[in-house]
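Shown next, in structure tokens, is the structure this report addresses.
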Amino acid sequence: MNKYRKLLKNSFIFAIGNLGSKLISFILVPFYTYVLTRSQFGTVDIITTTVNMLLPIISLSIFDAVFRFTLDRQENKDVVLTNGVVISVIGSLVTLLLIPVLTLIKVPMPNHVYLLLVTSAFVSLFSNFVRAINQVKSFAFAGILGTLVTAITNVTFLWYLKLGIQGYLISMIIANVAVLIFLSIRIKIFKRFSFDYLDKIVLLKMVTYSVPLIPNAFSWWINTSADRYFILAFVGSAGNGLYAVANKIPSLLTILNQIFFQSWQMSAVEEFNSDDAEKFYSQTFNYYLSVQFLGATALLVILKPLMKIIVSPNYFVAWEYIPFLLLAVIYSSLSGFLGTTYTAAKRTTGIMITTLLGAVINVLIGFLLVPFFGIQGASLAGLFSFGTVLVVRLKNTRKFMNIKVDWTKVVINHLLFIFMVASLFCIHNILILELVLFSFGVLMLMSNYRLINVLFFRLKS
């Protein structure tokens with residue numbers, strides 16, 4: 001099968017499983033803004049952010065190693081899975097010590113946080129294994145199942161039982177358990193898992209691969225989430241609630257990125273040593289760049305009308321932070337694309353170093369800007385940190401994969417994006433604003449017209 005068609009086909013299948021589970025967090029935004037106060041929404045966001053921070057630490061990021069090593073033809077898939085499960089179980093037991101620590105620092109509902117953390121670790125493990133053995137349809141169905149369970153339990157616990165933050169966490173835990181049960185059945189975990197498969201050599205290789213990804217994941221978390229703690233400290237939990245709502249719009253672009261990455265990770269590994277790998281990586285990167293700016297443009301055009309519809313009036317002001325968060329997502333996604341070249345080459349130390357650099361910049365800028373510019377300072381910190389990571393990775397990856405960037409397209413897309421953002425802040429008449437934004441949108445589409453041509457060409461070839 002043509003490598004581009006395979007990439008698109010897998011992306012489509014992953015979209016089926018992801019769109020529901022990813023979109024549910026966006027679709028439920030109006031629901032959350034009515035059943036949760038700004039302070040409660042901010043607290044929920046901090047808890048889930050903290051879970052995402054701790055996840056790679058308690059699991060040693062072994063789910064990433066399971067995915068990468070399962071793709072290797074010379075590795076026994078059951079051996080890889082068994083060693084991954086054992087490490088995850090040990091990590092879960094050790095994490096029990098976290099409960100008194102969370103209690104001491106007054107984190108709400110530490111037992112619920114622990115259960116959410118552990119179930120999330122095993123969902124990540126089994127999901128990555130399912131992808132690696134090419135059961136993409138099972139992966140897709142797991143996403144749909146998680147979506148349905150989340151929606152039903154959210155309404156039950158938040159609307160009818162009015163359990164607030166506790167109800168939100170219970171809902172997430174139940175959804176994770178449902179997905180775990182399904183995936184365990186699909187991969188026949190009890191047939192694949194055996195203590196006889198414990199292999200010190202394989203275990204050491206997997207841990208050597210995954211351990212550098214822990215500081216990388218932690219640093220990436222700082223890039224995406226640490227600003228929330230600056231907002232919490234200098235603005236308050238209500239400000240964090242606004243920031244959480246603002247991030248929901250860029251999350252629509254993030255959804256598309258995550259769907260693509262699940263497919264791209266497989267293609268990147270498979271094609272890394274091919275004769276035309278450089279051409280394949282370069283073309284995919286440039287068309288992916290076009291997708292990013294076209295997606296961000298579409299969101300900017302509908303931004304203000306959409307915010308009036310999906311959030312309560314108390315949250316409408318959050319639109320002001322979204323344009324810079326969108327640009328940060330673009331830089332983050334392009335950096336993530338380049339990150340796959342490190343993983344395909346098994347050079348995970350390079351990922352760690354570049355992400356750590358971005359994290360340091362994020363913290364420094366966040367510390368400087370948030371006290372003076374409030375929530376907007378946090379969005380700018382993320383933009384600068386991800387931009388730095390992108391530039392450094394573009395330079396570093398040339399050592400083993402020389403990706404050729406269409407710089408003319410990069411400059412034009414940035415200029416059009418800046419003009420659109422300026423229009424949002426300067427034009428107050430909604431009809432004139434939409435006309436101007438639509439005009440810039442057409443120009444953006446013309447600037448990236450080659451993407452459409454290539455998509456049609458690749459689908460037919």
Side-chain angles (χ1 to χ4, degrees), residues 11 15 18-30 32-33 224 227 242-261 287-312 315-337 375-376 378-380 382-383 386-387 390 409-410 412-428 430-449 451-452 455:
S11 297
N18 276 274
L19 281 178
S21 58
K22 302 300 182 182
L23 282 175
I24 194 67
S25 61
F26 176 79
I27 294 172
L28 288 175
V29 167
Y32 292 144
T33 59
T224 57
D227 297 324
L242 280 175
Y243 191 67
V245 169
N247 270 284
K248 294 301 180 182
I249 302 298
S251 71
L252 290 173
L253 189 57
T254 302
I255 291 169
L256 296 178
N257 296 331
Q258 291 174 341
I259 291 168
F260 171 78
F261 275 131
Y287 293 125
Y288 183 56
L289 183 148
S290 293
V291 170
Q292 295 301 300
F293 276 96
L294 287 174
T297 296
L299 291 174
L300 288 180
V301 170
I302 65 172
L303 179 57
K304 284 190 175 180
L306 182 64
M307 288 293 287
K308 283 186 176 294
I309 295 172
I310 68 170
V311 302
S312 66
Y315 288 86
F316 179 74
V317 69
W319 77 264
E320 296 179 1
Y321 318 119
I322 293 173
F324 302 105
L325 291 173
L326 277 172
L327 192 55
V329 168
I330 292 175
Y331 293 160
S332 168
S333 302
L334 295 174
S335 299
F337 181 99
I375 301 173
Q376 198 68 278
S379 61
L380 291 172
L383 188 157
F386 282 122
L390 174 59
K409 182 188 297 182
V410 170
I412 293 174
N413 285 346
H414 273 84
L415 288 175
L416 291 173
F417 187 90
I418 291 171
F419 286 139
M420 293 184 75
V421 173
S423 299
L424 279 166
F425 281 93
C426 297
I427 301 175
H428 302 294
I430 192 66
L431 293 178
I432 297 176
L433 173 63
E434 289 305 311
L435 180 61
V436 171
L437 292 176
F438 181 78
S439 299
F440 281 125
V442 171
L443 292 175
M444 185 74 79
L445 190 61
M446 294 171 61
S447 172
N448 296 277
Y449 73 95
L451 171 67
I452 299 175
L455 284 176

Could you tell me the separation between the CZ atom of F440 and the CG atom of L415, rounded to the nearest 0.5 Å? 10.0 Å
CG of L327 to CD1 of I418, rounded to nearest 0.5 Å, is 8.0 Å
Could you go through residues 295-304 and list every donor-acceptor pair under 3.5 Å that involves a side-chain atom there, pairing it with any protein atom two or more places apart or in another chain?
from, atom 1, to, atom 2, distance (Å)
T297, OG1, F293, O, 2.7
K304, NZ, L424, O, 3.2

State the CG-CD1 distance between L433 and I430, to the nearest 0.5 angstrom. 5.0 Å
Is the shortest heavy-atom distance from the side chain of L443 to the side chain of I412 under 4.5 Å? no
Is there a side-chain contact between L294 and V291 in this structure, where contact means two heavy atoms from C-beta onward sitting under 4.5 Å apart? no
Show, in sequence, the C-alpha distance, side-chain angles and deciding distance for V329 and S333, and conclude whether the side chain to side chain contact (heavy atoms under 4.5 Å, CB included) test is met. CA-CA 6 Å; V329 168; S333 302; 3.9 Å; yes
Rounded to the nearest 0.5 Å, how far does CG of L445 lie from CZ of F438? 9.0 Å
Euclidean distance, Y288 OH relative to F337 CZ, rounded to 0.5 Å: 8.5 Å
Could you tell me if the side chain of Y243 sits less than 4.5 Å from the side chain of L325, heavy atoms only? yes
Would a distance-only check, ignoring hydrogens and angles, find a side-chain to backbone donor-acceptor pair under 3.5 Å from E320 to Q376? no
Return the minimal non-hydrogen interatomic distance between A246 and P250, and the atom names on each side. O-CD, 2.9 Å
Parallel, tilted or perpendicular: ring planes of Y331 versus H414, cut at 30 and 60 degrees: parallel
Could you walk me through whether N413 and M444 satisfy the side chain to side chain contact (heavy atoms under 4.5 Å, CB included) test, starting with their C-alpha distance in whole Å, then the side-chain angles of each, then the deciding distance to 0.1 Å, before giving a yes or no? CA-CA 7 Å; N413 285 346; M444 185 74 79; 3.2 Å; yes
Would you confirm whether S439, through its side chain, and L435, through its main-chain N or O, come within 3.5 Å as a donor-acceptor pair? yes
For a 4.5 angstrom cut-off between non-hydrogen side-chain atoms, does V245 reach L242? no
To the nearest 0.5 Å, what is the distance between CH2 (W319) and CE (M307)? 10.0 Å
What closest approach, in Å, do P323 and F425 show between heavy atoms, and which atom pair accounts for it? CG-CE1, 4.4 Å
Less than 4.5 Å apart, side chain to side chain, heavy atoms only: is that true for L326 and F417? yes
Surrounding CZ of F316 (heavy atoms of other residues, nucleotides or ligands, distance under 6.0 Å), is the total greater than 12? yes
